[in-house]
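Position 1 is the first residue of the sequence; numbering continues from there.
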Amino acid sequence: MADSSRPFNNESATRPFPDKPHYAAKVYLIAIVAALGGFLFGYDTGVISGALLYLKQDFALNSTQQEIAVSSVLIGSILGAVAGGRLSDGLGRKMSLIIMGIIFAVGAILSAFAPNFPFFLVCRIILGFGIGASSFLAPMYIAEMAPPSLRGSLVALDQLLITAGISISYFVDLAFAHAGLGWRPMVGVAVIPGLALLIGMLFLTETPRWLAERGRWREAELAMDHLSVEERQTELTAIREALRVNTGGKVKLAEFFQSGLTWALIAGIGLAIFQQLVGINTVIYYAPTIFTFAGFQSASSAILATSVVGAVNFFTTLLAVFIIDRVGRRPLLLGGLVGIIISLIVMGFIFLTGASNTGTLVLIALLVYIFSFAIGLGPVFWLMSSEIFPTRVRASGAAISTFFNWTFNFLISVTFLSLVNAIGISSTFWLYAVFAVIAFAFCWYVIPETKGRTLEDIESFWKNDRKWEPAPTERRLAHD
Ligand code: BGC
C-alpha cells in the first residue's frame with residue numbers, strides 16, 4: 001500500500017487522483033465542456049459535404065462556386081488561427097472560448113437564414129474563424145487545466161469530439177435530407193453546441209497558468225480546486241519555477257529563436273504540416289468521391305461506406321484517449337505513421353491494378369489508413385501543440401502551428417481533385433505516402449516523449465538542449 005503520509009512518494013506521483021476519486025469526474029467534465037470547441041470544429045467542417053447537394057440547387061452554383069463554398073471555411077480558419085493567439089493572451093483562455101461560443105451560435109443562425117450565396121460565404125468565413133481559433137484554444141485550455149498524468153487523455157478528448165462532430169454531421173445531413181428539409185436546418189442546428197460551449201465556459205474558471213503569468217496567484221490557486229492537494233502543490237511549484245525566468249511584456253516572435261525554443265517551434269510546425277500532408281482531409285472531405293472512383297455504384301452505398309470511415313475514426317480516437325497516457329505519444333505517432341505509409345502504398349496499387357473487387361479492397365485500405373491516423377497523428381498533433389510551448393509563448397506557438405495546419409489543410413483539399421486528374425489517383429496516394437515517410441523521419445528525430453511530464457518539465461527540456469531534467473517530483477525525492 002502507498003504511504004499516504006508522504007505526499008511525494010513515487011506511487012502517488014504516477015496515480016492520477018490518489019486521495020479523492022471525485023476529482024477525476026470534475027476534471028473530465030471541464031475537459032468535455034472545452035472540447036465542445038472540438039465538436040463544433042468537426043461538425044461545421046463536416047456538415048458541408050451533405051449540405052452542398054442542396055446549396056448548389058438553391059443558389060444554382062457551378063463547380064467553382066461549390067469549391068469556394070467548401071473552402072471558405074478553411075480561409076476563415078486560417079484567419080482565426082492568426083487572431084486567436086493574441087486574443088487568448090490578452091483576454092484569457094476562458095473569455096476567448098466564450099467569444100468562440102458566441103461566434104458559433106450566431107454564425108449557425110445567420111447561415112441558416114442566408115438569403116443569397118455571398119451572404120452564406122461570409123457566414124462560413126465567420127464560422128471558420130471560430131473553428132480556427134478554437135481548434136487550438138480548446139486543447140490549450142484543457143492542457144493548462146489538466147494534471148500531467150491525465151493530460152494526454154484529456155486533450156485527446158478534444159480530438160474525440162472533433163471526430164464525433166464529423167460523424168454526427170453526416171447523420172444530421174442524412175436525416176434532414178430524408179425529411180426533405182434541405183441545407184438550412186443542417187447548418188442551423190449547430191447553434192445548440194455553440195450555446196452549450198458558451199454557457200458551459202461561463203461556469204469554468206480561467207486557467208491557473210494564465211492567471212499566474214499575470215501575478216494573480218490567489219486566483220490561480222483557486223482555479224486548481226479540481227486537482228488533489230498534492231497535485232496542486234506540485235503544479236504551483238512548477239509554475240513558480242518556470243515564471244522566475246519570465247521576461248514579461250508582449251510575446252515577440254524573436255523569443256522563439258532563443259534558448260532552445262526554435263526546436264519547439266520546429267516540432268509544432270512540422271507536426272502541423274505533416275498532419276495534413278499525409279492527406280487525411282482528402283478522405284474526410286472526399287470519401288464518397290474516392291469510393292465512386294473505386295467502383296461503388298450508387299451514391300447511397302458510397303455514403304454508407306463513408307459513415308463506416310467516420311465510425312472507425314471516432315472509435316479509434318476513443319481508444320487513443322484511453323491509452324495515450326500509458327503507451328505514450330511517440331509509439332502511437334510512429335506506429336500510426338507506419339500504418340499510414342503501408343495503407344497509402346497499398347491503396348495506390350489497388351487502383352493501379354483495377355481488380356474486380358476494387359471497391360471492397362479500397363474500403364479496407366481506407367479503414368486501415370483512418371485507424372492509423374486516428375490512433376496517432378490525429379490526437380497527437382493537437383495534444384503536442386498545446387503542451388510543447390512554455391506558458392509565456394504557448395498561445396503564440398500553438399497559434400503559429402495551427403496556422404500552418406489550416407493552410408496545408410486548404411492546400412491539400414483544393415489540389416486533390418486536380419492532382420488526381422493530372423497524375424492519376426495511384427500516384428496521388430503515393431505522393432502522400434512519400435510525405436508520410438518524411439513525416440516518420442521527422443517525428444523520430446524531433447518529437448520528444450512528453451508522457452507524464454509537467455508543462456514546466458517540457459519547457460526546461462527545450463531550454464536544456466533537448467535533455468530531460470529530473471521532474472520536480474523526482475527532484476524533491478532526491479532531496480528527501
Ligand atoms: C485534423 C483535421 C481532420 C480531423 C479528422 C484533425 O486532427 O486536424 O484536419 O479533419 O482530424 O479526424
Measure the shortest side-chain to side-chain distance between [X] and [Y] over non-hydrogen atoms and say whether it is less than 4.5 angstrom.
X    : Y    : value
S77  : F410 : no
Y286 : N281 : no
F171 : S307 : yes
V73  : I48  : no
L197 : F39  : no
I370 : T316 : no
F315 : T163 : no
I125 : F129 : no

Which residue pairs pass the salt bridge (charged side-chain N to carboxylate O under 4.0 Å, His left out) test when at least one of the two sits in [range], sequence neighbours left out?
range            : value
residues 165-180 : none
residues 272-297 : none
residues 47-61   : none

Return the [atom1] to [atom2] distance between [X] and [Y], rounded to the nearest 0.5 Å.
X    : Y    : atom1 : atom2 : result
Q66  : L61  : CD    : CG    : 6.0 Å
L127 : M100 : CG    : CE    : 12.0 Å
Y43  : I168 : OH    : CD1   : 9.0 Å
I324 : L150 : CD1   : CG    : 12.5 Å
I458 : R394 : CD1   : CZ    : 8.0 Å
F373 : L366 : CZ    : CG    : 13.5 Å

Which pairs would a plain distance check flag for residues 107-120, meaning a side-chain donor or acceptor within less than 3.5 Å of a matching protein atom at least two apart in sequence or in another chain?
{"from": "S111", "atom 1": "OG", "to": "G107", "atom 2": "O", "distance (Å)": "2.8"}
{"from": "S111", "atom 1": "OG", "to": "A108", "atom 2": "O", "distance (Å)": "3.2"}
{"from": "N116", "atom 1": "OD1", "to": "F119", "atom 2": "N", "distance (Å)": "3.0"}

Between the side chains of [X] and [Y], is a donor N or O closer than 3.5 angstrom to an acceptor N or O?
X    : Y    : answer
D325 : S153 : yes
E387 : T450 : yes
S135 : W406 : yes
S401 : N405 : no

(request) Decide yes or no on side chain to side chain contact (heavy atoms under 4.5 Å, CB included) for F256 and T262, but give the supporting numbers first. (result) CA-CA 5 Å; F256 284 102; T262 316; 5.9 Å; no
(request) Give a yes or no on whether a salt bridge exists between R392 and E459, defined as a side-chain N under 4.0 angstrom from a carboxylate O. (result)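 E459 and R392: not salt-bridged.
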Closest approach of [X] and [Y], non-hydrogen atoms and distance?
X    : Y    : answer
P379 : A374 : CD-O, 3.1 Å
V191 : A105 : CG2-O, 3.8 Å
P139 : D158 : CD-OD2, 3.7 Å
L154 : A31  : CD2-CB, 3.8 Å
L121 : S72  : CD2-OG, 3.8 Å
Q276 : I412 : O-CG1, 3.7 Å

Judged by atom type as modelled, is there a donor-acceptor pair below 3.5 Å linking the side chain of [X] to the main-chain atoms of [Y]?
X    : Y    : answer
H226 : M145 : yes
W462 : F389 : no
S427 : G424 : no
E219 : R216 : no
Y369 : I280 : yes
S71  : L74  : no
E67  : V414 : no
Q159 : T317 : no
T402 : F136 : no
S426 : L352 : yes

Please tabulate, one pair per line, all N/O donor-acceptor pairs under 3.5 Å involving side-chain atoms of residues 330-345, not counting sequence neighbours.
{"from": "R330", "atom 1": "NH1", "to": "C443", "atom 2": "O", "distance (Å)": "3.2"}
{"from": "R330", "atom 1": "NH1", "to": "W444", "atom 2": "O", "distance (Å)": "3.1"}
{"from": "R330", "atom 1": "NH1", "to": "I447", "atom 2": "O", "distance (Å)": "2.7"}
{"from": "R330", "atom 1": "NH2", "to": "W444", "atom 2": "O", "distance (Å)": "3.4"}
{"from": "S343", "atom 1": "OG", "to": "G339", "atom 2": "O", "distance (Å)": "2.8"}
{"from": "S343", "atom 1": "OG", "to": "I340", "atom 2": "O", "distance (Å)": "3.1"}

(message) Strictly by side chain to side chain donor-acceptor pair (under 3.5 Å), give each pair with a member in residues 92-101 just once, sequence neighbours left out.
(response)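 Listed once each, the pairs are D89-R93, R93-E144.
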(message) Using the rule given for ring pair (Phe, Tyr, Trp, His ring centres under 6.0 Å), can you reason through W430 versus F351, listing the C-alpha separation, both sets of side-chain angles and the distance that settles it, and then say yes or no?
(response) CA-CA 11 Å; W430 287 335; F351 276 109; over 10 Å; no
(request) Evaluate the side chain to side chain contact (heavy atoms under 4.5 Å, CB included) criterion for residues T391 and W210: first the C-alpha distance (whole Å), next the side-chain angles of each, then the deciding distance (0.1 Å), finally the verdict. (result) CA-CA 8 Å; T391 298; W210 188 86; over 6 Å; no
(request) Decide if the gap between the ring center of F59 and the ring center of W183 is smaller than 6.0 angstrom. (result) yes
(message) Taking the ring centre of each residue, are F435 and F274 less than 6.0 Å apart?
(response) no
(request) Please assess L261 against V393 for the test side chain to side chain contact (heavy atoms under 4.5 Å, CB included), listing each intermediate value before the final yes or no. (result) CA-CA 10 Å; L261 284 191; V393 295; 4.1 Å; yes
(message) What verdict does the side chain to side chain contact (heavy atoms under 4.5 Å, CB included) test give for I166 and F41, after you've listed the backbone C-alpha separation in whole Å, the side-chain angles of each residue and the deciding distance to 0.1 Å?
(response) CA-CA 8 Å; I166 295 173; F41 165 175; over 6 Å; no
